[in-house]
Amino acid sequence: MEKELDQVRARKEKLEKLKGMGVNPYPYSFKRTAYSTEIKENYEEFEDKKVKVCGRIKTRRLHGKAGFVHIEDDKGEIQIYFKYDTLREKYSIVKLLDLGDFIGVEGKVFRTKTGEITVWAEEITLLSKALHPPPEKWHGIKDVETRYRQRYLDLMSNKEIRGLFRRRAEIIKGIREFLDERGFVEVETPILQPVYGGAFATPFTTYYIKLKKNFYLRISDELYLKRLIIGGYERVYEIGKNFRNEGIDRTHNPEFTAMEVYQAYADYRDMMELFEDMVIYLARKIYGKEEIQYDGKTISLKKPWRRISYFEALKKYTGEEWRGLSFEETKKLAEKLGLEVEEKRIKGKILESVFERFVEPELIEPAFVVDYPADITPLAKNKRDDPGLVERFEAFIGGVEVANAYSELNDPEEQERRFEEQLKLKEREEYDRDFVRALYYGMPPTGGLGVGIDRLVMILLNASSIREVILFPQLREE
RNA sequence: GGGCCGUUAGCUCAGCUGGUAGAGCACCGGCCUUUUAAGCCGGGAGUCGCAGGUUCGAAUCCUGCACGGCUCACCA
């Protein structure tokens, strides 16, 4: 803080006065006997009984020799009444309280003239002096930049934001409940990886001094989880951060929470059902119904979700046939639709651009897009009756991609060929050779599912941007 | 990276075709022993995002930059 605000100076003066009175402004603990809402919801039980409550001062109305404040705790707010006749010399502490201070109060529960359930303070304990004034009580913090940079101000002044991140936690807990009930084992795999893999993305690079070697923050945990299937687990999942050194926008944060699930003896169709069931489970958990509101629309999550093949979807939303075109023809057609495709070396990547531009925004109701071109999907099995495609789906809700899944490729020689092919096309400098070695020992048929947790939370909680559901989203330095 | 928009007191915001910065909350002082967006009286608080330019004069017009938002492009 460069220049001291006069309000900060005033608070520091009060702090010195309190110290002079023998008050410790930063004591160690307080034994609460009841939360604000408990008292208000069970008034008959608490009436005229002594309670100890604590929290942060949110509003204050002092009248000379009496006064009211509202304190906020983890559950809600409750009013406190201070009266000179009751507190006597302790009333001088009340006069030095500011909005934002934490206090503990002991006293009897009563109703005021206007009927509000209130604690009549007999003891007052300062629990922490705030030296900076809080945001404005009525409007809270609105400035988006301040909300993200100083999230604590957003949380302290906008209680719906606190509620939102609680619901985020419920969703993640719900995912664990759902998978644990079905016999999945939660595991942890390396975030620091010597070779990155499992996705196409630029990694964050770091340097391991003792080993004198570059390491990478993982872009995906896919290859490690499959090693666990090879090791003999039949159902595993991991929830954790991935890191991708790419742009930031409404649906991308460089550091994001992903979940991957692998199930032996299953294929991508099984993963579709698993994902449908999981999302429905979560919606029921938070809303009690199989329906959500997103971006002003009501979206039904009822099974079965729409299945549409990748090329069908492209045809339907562009009016053009893309299947079977050469690289040059694909490029030409994409350019005709107004896309820039100069830097794309692979046909599949051009199609991806077309898909994102024309198809994704249309996929509002939940949809599984299935059967992708093979050249952009090196980790999936060829489609059983159409080897030009792979058994892969992406799930979309509200126009946002929320999941990606494969019938996992478990043929070690085929996997090795595909990795070598990527090296030749200079798509990658190196690949995870130990993963291929692991496949040589045999991996059962396996279905794998990756879910962007932040995006899923964003959809389920009707947030307009991924930043609204990440506590500390990435921003440039101030 | 392109386009559009924004940045004024701690917070929420006004500030017109350029004339020297305002309100509410918050803060300080006074009165007030059941108030609740407490009230009444008085007061203080600003590098108008930063740097240039135009002008007698710039929060206001112009240029550049920074940060943020939306959007397009990029991006598994």
Side-chain angles (χ1 to χ4, degrees), chain A residues 1-11 13-14 58-70 77-87 91 94 98-100 110-116 118 120 130-150 153-154 156-158 197-202 219-220 222 242 244-252 254 256 258 338-344 346 348-349 351-353 355-357 360 372 376-380 392 394 401 403-404 406 427 450 452 464-465 467-468 473 475-478:
Chain A
M1 240 154 261
E2 321 74 42
K3 206 176 62 177
E4 188 167 278
L5 209 60
D6 56 353
Q7 297 194 43
V8 171
R9 203 178 317 115
R11 283 167 181 246
E13 281 164 16
K14 289 179 185 173
K58 299 293 284 186
T59 63
R60 187 178 54 149
R61 296 169 295 282
L62 298 184
H63 307 195
K65 292 203 169 62
F68 294 88
V69 303
H70 273 100
E77 295 188 3
I78 191 163
Q79 182 169 256
I80 310 293
Y81 179 51
F82 297 114
K83 194 177 182 186
Y84 175 76
D85 293 342
T86 311
L87 288 165
Y91 194 77
V94 174
D98 286 300
L99 298 182
F110 77 111
R111 269 187 204 272
T112 63
K113 268 184 197 168
T114 56
E116 180 162 354
T118 302
W120 189 318
L131 294 180
H132 198 288
E136 204 247 2
K137 63 182 170 189
W138 200 243
H139 301 92
I141 290 276
K142 287 232 174 93
D143 181 73
V144 177
E145 190 173 350
T146 308
R147 288 185 49 230
Y148 296 158
R149 282 193 200 283
Q150 294 179 274
L153 297 180
D154 190 25
M156 89 172 61
S157 67
N158 303 323
F200 288 139
T202 307
I219 57 174
S220 163
E222 170 152 0
N242 288 346
R244 295 184 183 174
N245 205 337
E246 282 164 10
I248 300 175
D249 65 26
R250 199 175 75 82
T251 57
H252 294 84
F256 64 99
L339 278 103
E340 293 168 33
V341 291
E342 299 149 28
E343 291 182 16
K344 303 266 193 314
I346 297 180
K349 292 209 166 187
L351 292 176
E352 278 293 281
S353 300
F355 188 87
E356 282 169 25
R357 173 74 177 280
E360 283 190 17
Y372 281 66
I376 51 165
T377 315
L379 299 168
R392 169 186 184 180
E394 290 191 332
E401 179 204 333
N404 181 22
Y406 309 144
E427 285 293 302
S464 57
S465 156
R467 294 184 203 95
E468 290 292 332
L475 298 175
R476 287 174 198 268
E477 281 187 77
E478 285 182 78

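Numbered from 1 within each chain, the chains take letters A, B, ... in sequence-line order.
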By nearest atom, which of the nucleotides [options] is closest to the [X] side chain?
X: A/R392; options: B/C27, B/A76, B/C75; result: B/A76
X: A/F68; options: B/U33, B/U35, B/C28; result: B/U35
X: A/R357; options: B/A76, B/C72, B/U35; result: B/C72
X: A/E246; options: B/A37, B/C75, B/U35; result: B/C75
X: A/A66; options: B/U33, B/C25, B/U12; result: B/U33
X: A/W138; options: B/U34, B/A37, B/A76; result: B/A37
X: A/D85; options: B/C67, B/U33, B/G10; result: B/U33
X: A/R250; options: B/C74, B/U71, B/U34; result: B/U71

Is there a side-chain polar atom (N or O) of [X] under 4.0 Å from OP1 or OP2 of [N]?
X: A/R11; N: B/C27; answer: no
X: A/R467; N: B/G69; answer: yes
X: A/R244; N: B/A76; answer: no
X: A/R61; N: B/A38; answer: yes
X: A/R60; N: B/C27; answer: yes
X: A/K349; N: B/A76; answer: yes

>> So A/Y91, base contact, sugar-phosphate only, or nothing? Heavy-atom distance under 4.0 Å.
In response: nothing

> At under 4.0 Å between heavy atoms, what does A/P378 touch on the DNA or RNA strands: base, sugar-phosphate, or nothing?
Replying inline: base

For atom [atom1], what is the distance between [N] and [M], given to the nearest Å?
N: B/G3; M: B/A73; atom1: P; value: 16 Å
N: B/U60; M: B/G18; atom1: P; value: 11 Å
N: B/U8; M: B/A14; atom1: C1'; value: 10 Å
N: B/G29; M: B/A21; atom1: P; value: 28 Å
N: B/G68; M: B/G22; atom1: C1'; value: 25 Å
N: B/G44; M: B/G30; atom1: C1'; value: 15 Å
N: B/C27; M: B/A66; atom1: C1'; value: 31 Å
N: B/C28; M: B/U20; atom1: C1'; value: 27 Å

>> Could you tell me if the side chain of A/Y81 sits less than 4.5 Å from the side chain of A/T112, heavy atoms only?
In response: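 They are not in contact (no side-chain heavy atoms under 4.5 Å apart), so the answer is no.
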
> Hey, does the Lys NZ or Arg CZ of A/K65 hover above the aromatic six-ring of A/F82, less than 6.0 Å from the centre and inside 45° of the axis?
Replying inline: no

>> Check A/R147 with A/E468, please: is the shortest side-chain N to carboxylate O separation under 4.0 Å?
In response: yes

> Do A/R11 and A/E13 meet the salt-bridge criterion of a basic N to acidic O distance under 4.0 Å?
Replying inline: no

Is it the case that [N] (base atoms only) and [X] (side chain only) share a donor and an acceptor within less than 3.5 Å, ignoring hydrogens and angles?
X: A/E356; N: B/C75; answer: yes
X: A/E145; N: B/U7; answer: no
X: A/H139; N: B/C11; answer: no
X: A/E136; N: B/A26; answer: no

Grab the [atom1]-[atom2] distance between [X] and [N] for me, whole Å please.
X: A/H132; N: B/A45; atom1: NE2; atom2: P; result: 18 Å
X: A/I248; N: B/G1; atom1: CD1; atom2: C1'; result: 15 Å
X: A/D143; N: B/C67; atom1: CG; atom2: C1'; result: 10 Å
X: A/H70; N: B/C25; atom1: NE2; atom2: P; result: 19 Å
X: A/I80; N: B/U34; atom1: CD1; atom2: C1'; result: 14 Å

When you measure from the side chain of [X] to the backbone N and O of [Y], does any donor-acceptor pair fall under 3.5 Å?
X: A/E246; Y: A/T202; answer: yes
X: A/R392; Y: A/Y406; answer: no
X: A/E136; Y: A/H139; answer: yes
X: A/S353; Y: A/L351; answer: no
X: A/S157; Y: A/I141; answer: yes

Under 3.5 Å, N/O pairs linking protein and nucleotides 29-32 of chain B:
residue	atom	partner	partner atom	Å
B/C32	N1	A/H63	O	3.4
B/C32	N4	A/G64	N	3.3

> Which atom pair, heavy atoms only, marks the closest approach of A/F68 to A/H63?
Replying inline: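 Of all heavy-atom pairs spanning A/F68 and A/H63, the closest is CD1-NE2, 4.5 Å.
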
>> Please convert RNA chain B into dot-bracket. A pair counts if it is Watson-Crick or G-U wobble with both distances under 3.5 Å; crossing pairs go in [ ] and bases paired with another strand get |.
In response: (((((((..((((.....[..)))).(((((.......))))).....(((((..]....))))))))))))....

> On RNA chain B, nearest-nucleotide positions of A/I141 versus A/Q79: which is more 5'?
Replying inline: A/I141

> RNA chain B: A/D98 or A/D249, which has the more 5' nearest nucleotide?
Replying inline: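 Nearest-nucleotide comparison on RNA chain B picks A/D98.
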
>> Using 30° and 60° as the class boundaries, would you call the ring planes of A/Y372 and A/F355 parallel, tilted or perpendicular?
In response: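 Judged by the thresholds at 30° and 60°, the geometry between A/Y372 and A/F355 is tilted.
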
> Atom CZ in A/R111, atom OG1 in A/T118: separation rounded to 0.5 Å?
Replying inline: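 Here the interatomic distance stands at 9.5 Å.
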
